[in-house]
Amino acid sequence: MRMLSTRTRMLGHPLIVYPTIGFFLWSGYMWLTEPDTWPMAVAAFILGGPVMRAYEQREAWLAKRRAWAAMASHVRRRSTFVKPLTAVMALVALALYLVATIDRLETQTALGLSTVGVAGAIIFFTIRGFYRRIRRRRAMRDDLVRVCVRKPRLRVPTVQQAYAALPDHCRLIMGGL
């Protein structure tokens, strides 16, 4: 398995990805509250593209490595810390937006819609995660073999027929069977 480049490994690491996402969210927040800060939001958008691409490549590579390691006798469990951290970051961004725009009447509709949207997305992904976990447990609990083949689908010769079909020199080598 070919190793990833150092650039991809560094840019795709969660220690780089999460602050970049935070910068992206913060710059978007700043752009919404102070329209003069749009260059910072554009810079965050431009910076976020390569970081997220590197993150996806790193995750795909790690998935391949995990699948390869799963063939070994020892399998290490993956940390489940990433998804709750993403939900917390979304809630913090929403809370910051709420605090910044609580006194503005013209942004209350957008605030309500964004609150419902973020809360709905978090609820959706939480329910989907639980559903997948239940499905995975059911799949592991199922029997390994479900179909029992009583007779072969292709016509297979008997052992006597197979020995009779052998050439003479093979029978001599096998001891005259």
Side-chain angles (χ1 to χ4, degrees), residues 1-140:
M1 185 180 313
R2 204 174 111 230
M3 195 70 173
L4 288 174
S5 69
T6 305
R7 178 182 177 270
T8 303
R9 280 186 289 156
M10 288 179 67
L11 282 181
H13 197 275
L15 290 176
I16 302 295
V17 172
Y18 289 126
T20 304
I21 292 172
F23 176 61
F24 179 76
L25 292 174
W26 179 73
S27 65
Y29 162 76
M30 291 301 291
W31 184 27
L32 289 173
T33 56
E34 298 174 22
D36 296 337
T37 59
W38 67 267
M40 183 174 55
V42 170
F45 185 75
I46 291 171
L47 176 69
V51 170
M52 292 313 293
R53 240 186 329 274
Y55 177 72
E56 289 171 356
Q57 289 173 354
R58 182 179 180 273
E59 286 297 311
W61 182 80
L62 286 174
K64 285 181 190 175
R65 195 176 83 181
R66 269 187 236 108
W68 182 264
M71 292 187 283
S73 60
H74 65 289
V75 178
R76 200 176 76 189
R77 281 193 60 181
R78 184 174 179 236
S79 171
T80 57
F81 182 69
V82 174
K83 290 182 182 177
L85 183 63
T86 307
V88 167
M89 285 177 55
L91 287 175
V92 167
L94 181 64
L96 288 173
Y97 186 70
L98 281 170
V99 168
T101 61
I102 201 75
D103 58 341
R104 296 183 186 173
L105 291 176
E106 66 271 5
T107 60
Q108 294 302 317
T109 304
L111 178 64
L113 290 175
S114 63
T115 304
V116 169
V118 169
I122 290 173
I123 290 170
F124 171 74
F125 287 118
T126 303
I127 291 172
R128 188 179 76 167
F130 285 135
Y131 179 70
R132 285 183 176 177
R133 184 174 294 155
I134 290 169
R135 262 190 13 216
R136 205 174 310 130
R137 285 186 182 159
R138 283 184 186 160
M140 288 176 15

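- In this structure, the separation between CZ on R128 and CZ on R135 is 10.0 Å, given to the nearest 0.5 Å.
- Note that OG1 of T126 and CZ of F124 are 10.5 Å apart. Values are rounded to the nearest 0.5 Å.
- For the atom pair M40 CE and F24 CZ, the distance stands at 12.0 Å (nearest 0.5 Å).
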Can you list, pair by pair, the side-chain donor-acceptor contacts under 3.5 Å of residues 8-17, counting residues two or more places apart and other chains?
from, atom 1, to, atom 2, distance (Å)
T8, OG1, S5, OG, 2.9
R9, NE, L4, O, 3.3
R9, NH2, T6, OG1, 3.4
H13, ND1, L15, N, 3.1

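- Interatomic distance, CZ of R58 versus CZ of R65, reported as 8.5 Å (0.5 Å rounding).
- Scored by the side chain to side chain contact (heavy atoms under 4.5 Å, CB included) test, P50 finds R7, R53 as partners (sequence neighbours excluded).
- Note that OH of Y18 is 4.5 Å distant from OH of Y55, once rounded to the nearest 0.5 Å.
- Residues A41 and S27 share a closest heavy-atom pair of CA-OG, 3.7 Å.
- Looking only at side-chain heavy atoms (C-beta outward), W61 and R2 stay at 4.5 Å or farther from each other.
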